[in-house]
Enquirer: 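Take a look at this one; I'll ask things after.
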Amino acid sequence: MANFYTDNPHIQYHLQHPLMERIAKLKERDYADADQYDYAPSDYADALDSYQRVLEVVGEVCGEVIAPNAAEVDLTGPTLHEGRVSYDPLTAQNLDTVRQTGLMGMALPRRYGGLNMPITPYIMAADMVSRADAGFENLWGLQDCAETLYEFGSEDQRERFLPRVCAGETMSMDLTEPDAGSDLQAVMLKATYNEADQQWYLNGVKRFITNGDSDIHLVLARSEEGTKDARGLSMFIYDAKKGGVTVRRIENKMGIKGVPTCELVFKDAPAELCGERRLGLIRYVMSLMNGARLGIMAQAVGISEAAYREAKAYAADRHQYGHAIDKFPAVYEMLALIRAKADATRAHLYETSRFVDMYKAYDDIARERKLTPEERKEQKYYSRLADAYTPIGKGMSTELANQNVYDCIQIYGGSGYMKDYTCERLYRDVRITNIYEGTTQLQVVAAIRHVTTGTYFARLEEYQQVAVSPEWQETKELLATWIERAKACTELVTEAKDQTLLDYHARRLVEMCGHCIFAHLLLIAAQDRPDLYEHSTHVYIQYASGEMDKCEGQIRRFDPKQLQHYAVQTSTPATEA
């Protein structure tokens with residue numbers, strides 16, 4: 001039987017990371033639930049066994065149900081009738097399977113019907129689901145919205161909505177509007193409070209809403225009359241059982257076709273405030289988006305894994321000039337690069353998820369008691385790292401995933417352009433990953449401050465303190481020179497005190513730091529499991545060396561006077577006579 005967990009030792013390796021023991025202890029409150037719930041772990045060994053068992057179930061569902069259904073779902077997709085969406089029958093089968101196996105509400109507390117798992121094994125599940133069908137990951141993965149409801153909703157709201165999510169009801173986050181895409185402070189969907197019946201009502205239009213006809217929606221709306229900025233926006237919970245929202249259309253997309261992307265019309269839709277007024281975008285959506293970006297990173301890694309396996313199998317089977325094509329350097333170079341990029345982005349994904357687990361565990365504990373000074377310090381440390389690693393990971397992982405699927409199709413040649421092969425679907429599915437939940441360019445905007453303030457460099461120095469065996473010492477010293485080169489380029493750009501120049505070079509500076517981080521994480525993994533990571537570490541460092549040279553060269557050779565040639569020309573050129 002196909003199982004996407006047991007066949008992937010890379011995921012199993014990351015589950016064994018030393019920090020997971022600390023995470024489990026914090027998440028389980030030192031295993032206090034063991035006496036109350038018969039499925040709660042009593043110690044770390046028990047917790048790790050639980051995580052593995054759940055991931056094996058996810059792996060089996062992915063291998064036996066979701067992946068076999070993916071091609072047909074891509075062809076048919078959801079349908080719209082009288083303002084309501086119907087999933088493709090095979091998507092409905094996927095949903096029924098994950099419900100029956102208890103894979104909804106994985107990270108939610110047991111008291112609401114969840115499994116109380118840390119974010120890291122949940123993201124591992126998302127990695128596998130994405131490998132099986134990236135479109136279904138968008139539907140299943142929206143259970144992550146419940147985390148935001150848990151963090152910022154009232155206890156009454158948690159008790160009413162979270163058990164429904166754990167039982168299998170679906171969610172959506174309704175943010176984007178026709179005139180408010182990346183610039184969410186331009187959201188104008190109106191929330192009006194009716195004093196007579198003490199009820200909020202929503203009116204307006206939302207666009208590009210993934211799984212837009214879900215059971216429970218988190219909606220960003222303008223609650224403050226006369227405002228036009230972020231301070232006038234609040235977060236609302238809309239329950240589809242109440243009515244008032246219709247689906248105007250399902251978007252006809254390039255990829256991820258199994259999940260409906262909808263345009264929604266709100267007409268006096270009753271809703272309830274989540275958290276406090278005015279904090280919808282400033283606080284709640286930022287939390288919601290960071291969680292979603294972690295999920296997109298998992299989606300990109302899962303697609304990269306699928307691309308590698310498709311390309312490897314085809315190259316071994318396809319013969320030309322009397323040999324399997326995987327014997328030709330031009331092909332095995334591409335295969336090695338796909339594997340290395342997949343390994344690097346996965347290492348960064350789980351490093352990030354562990355940071356998220358640590359600070360969120362402390363956030364949750366802080367609701368129950370006052371944190372000690374040491375705990376507050378650690379909470380702040382991991383929160384900052386999560387804030388730094390999420391945008392650089394979302395930006396670079398999705399770009400590398402696009403490269404991986406590109407190379408997968410190239411290995412297939414003309415066959416890869418045909419819908420007969422999985423790689424054609426992967427190519428369409430992966431393209432959205434570096435667009436939604438913030439384009440790569442917006443991730444750079446979020447990440448560059450962690451370059452200039454030294455967050456990445458401080459963490460890289462910590463990686464440099466990790467001892468390596470003699471055979472890896474030269475590699476470690478090479479990476480130390482990369483750090484110094486990235487620092488020097490950062491100083492060169494920032495000393496000009498020109499914001500436009502910094503914005504122009506921001507992506508290059510972020511990528512230099514990203515390659516340093518990815519390479520260090522691979523080096524650490526190669527120390528632990530050379531059988532899994534030795535080749536990828538060498539291949540990735542060779543690849544990234546060229547990328548470092550390119551970024552550094554562009555920064556050092558660039559004359560700031562040339563910026564004018566890149567500026568958008570807003571004036572209309574004169575018509576030639």
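Residue numbers start at 1 and run along the sequence shown.
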Enquirer: Run the salt-bridge test on E351 and R459 with the 4.0 Å N-O cut-off and return the result as yes or no.
Expert: yes
Enquirer: Tell me if a side-chain donor or acceptor on R222 pairs with a main-chain N or O of V187 at a distance below 3.5 Å.
Expert: yes
Enquirer: Could you tell me whether R249 and E263 make a salt bridge, using a distance below 4.0 angstrom between a side-chain N and a carboxylate O?
Expert: no
Enquirer: Do V165 and F161 have side chains that approach each other closer than 4.5 Å (heavy atoms only, starting at C-beta)?
Expert: no
Enquirer: One pair to check against salt bridge (Lys or Arg N to Asp or Glu O under 4.0 Å): R164 and D215. What are the steps and the verdict?
Expert: CA-CA 9 Å; R164 290 170 55 183; D215 300 303; 5.8 Å; no
Enquirer: Could you tell me if S234 and S223 have a donor-acceptor pair between their side chains, going purely by distance under 3.5 Å?
Expert: yes
Enquirer: Under a plain distance cut-off of 3.5 Å, with no hydrogens placed, do Y150 and D364 share a side-chain donor-acceptor pair?
Expert: yes
Enquirer: Any sub-3.5 Å donor-acceptor pair from E60's side-chain atoms to A2's backbone N or O?
Expert: no
Enquirer: Measure from NZ or CZ of R277 to the centre of the six-membered ring of Y284, then state whether that distance is under 6.0 Å and the direction lies within 45° of the axis.
Expert: no
Enquirer: Judged by modelled atom types alone, do N3 and E56 share a side-chain donor-acceptor pair under 3.5 Å?
Expert: no
Enquirer: Between D43 (side chain only) and D46 (backbone N and O only), is there a donor and an acceptor less than 3.5 Å apart?
Expert: yes
Enquirer: Look at the side chain of R29 and the backbone N and O of L26, then say whether any donor-acceptor pair between them is shorter than 3.5 Å.
Expert: yes
Enquirer: Taking T91 for the side chain and Y87 for the main chain, is one N or O donor matched with an acceptor at less than 3.5 Å?
Expert: no
Enquirer: Indicate yes or no for a side-chain donor-acceptor contact from K253 to the backbone of V259 under 3.5 Å, with no hydrogens or angles considered.
Expert: yes
Enquirer: When you check the gap from the basic side-chain N to the acidic O, do K241 and D239 get nearer than 4.0 Å?
Expert: no
Enquirer: Out of H17, H14, H10, which residue meets the ring-ring contact (aromatic ring centres under 6.0 Å, His included) rule with Y350?
Expert: H14
Enquirer: Set out, in order, the CA-CA distance, both residues' side-chain angles and the distance that settles side-chain contact (heavy atoms from CB on, under 4.5 Å) for M358 and R22, then state yes or no.
Expert: CA-CA 8 Å; M358 287 297 294; R22 184 84 182 286; 4.0 Å; yes
Enquirer: Ignoring hydrogens and geometry, is there a side-chain-to-backbone donor-acceptor pair from S383 to Q379 under 3.5 Å?
Expert: no
Enquirer: Determine the sole option in W200, F152, Y193, Y201 for which the ring-ring contact (aromatic ring centres under 6.0 Å, His included) test with F236 is passed.
Expert: W200
Enquirer: Just by distance, do the side chain of Y122 and the backbone of G141 share a donor-acceptor pair under 3.5 Å?
Expert: yes
Enquirer: Checking side-chain polar atoms at under 3.5 Å, does Q443 have a donor or acceptor matched by the opposite partner on N434?
Expert: no
Enquirer: Looking just at side-chain N and O atoms, do N69 and N94 make a donor-acceptor pair shorter than 3.5 Å?
Expert: yes
Enquirer: Hey, does K360 have a side-chain heavy atom less than 4.5 Å from the side chain of S287?
Expert: yes
Enquirer: Do T455 and R384 meet the criterion of a side-chain donor-acceptor pair at a distance under 3.5 Å?
Expert: yes
Enquirer: Please check if the side chain of W140 supplies one atom and the backbone of L103 the other of a donor-acceptor pair under 3.5 Å.
Expert: yes
Enquirer: Do D268 and N203 have side-chain N/O donor and acceptor atoms under 3.5 Å apart?
Expert: yes
Enquirer: Can a salt bridge be assigned to the pair R428 and D74 using a cut-off of 4.0 Å between side-chain N and carboxylate O?
Expert: yes
Enquirer: Do S214 and S172 meet the criterion of a side-chain donor-acceptor pair at a distance under 3.5 Å?
Expert: yes
Enquirer: Taking the six-membered ring for Trp, are F355 and Y389 parallel (under 30°), tilted (30 to 60°) or perpendicular (over 60°)?
Expert: perpendicular
Enquirer: Could D213 and R84 be called an ion pair, given the rule that one side-chain N must be under 4.0 Å from one carboxylate O?
Expert: yes
Enquirer: A side-chain contact here means heavy atoms from C-beta on lying under 4.5 Å apart; do L294 and I119 qualify?
Expert: yes
Enquirer: Please tell me if the side chains of C166 and M104 come closer than 4.5 Å, counting only heavy atoms from C-beta onward.
Expert: no
Enquirer: When you check the gap from the basic side-chain N to the acidic O, do E28 and R110 get nearer than 4.0 Å?
Expert: yes
Enquirer: Does a side-chain N-to-carboxylate-O contact under 4.0 Å join R449 and D387?
Expert: yes
Enquirer: Are E169 and R99 within salt-bridge range, i.e. N to O under 4.0 Å?
Expert: no
Enquirer: Looking only at side-chain N and O atoms, does Q299 offer a donor or acceptor that is under 3.5 Å from a partner on T433?
Expert: no
Enquirer: Any carboxylate oxygen within less than 4.0 angstrom of a Lys/Arg side-chain nitrogen, looking at E155 and R158?
Expert: yes
Enquirer: Hey, are R131 and D127 close enough for a salt bridge, meaning a charged N less than 4.0 Å from a carboxylate O?
Expert: no
Enquirer: So do T210 and L142 actually touch side chain to side chain, heavy atoms under 4.5 Å?
Expert: yes
Enquirer: Looking at E305 and R346, does any basic side-chain N land under 4.0 Å from a carboxylate oxygen?
Expert: yes
Enquirer: Between L149 and I237, is the side-chain contact (heavy atoms from CB on, under 4.5 Å) condition met? List the steps.
Expert: CA-CA 9 Å; L149 201 160; I237 305 168; 4.1 Å; yes
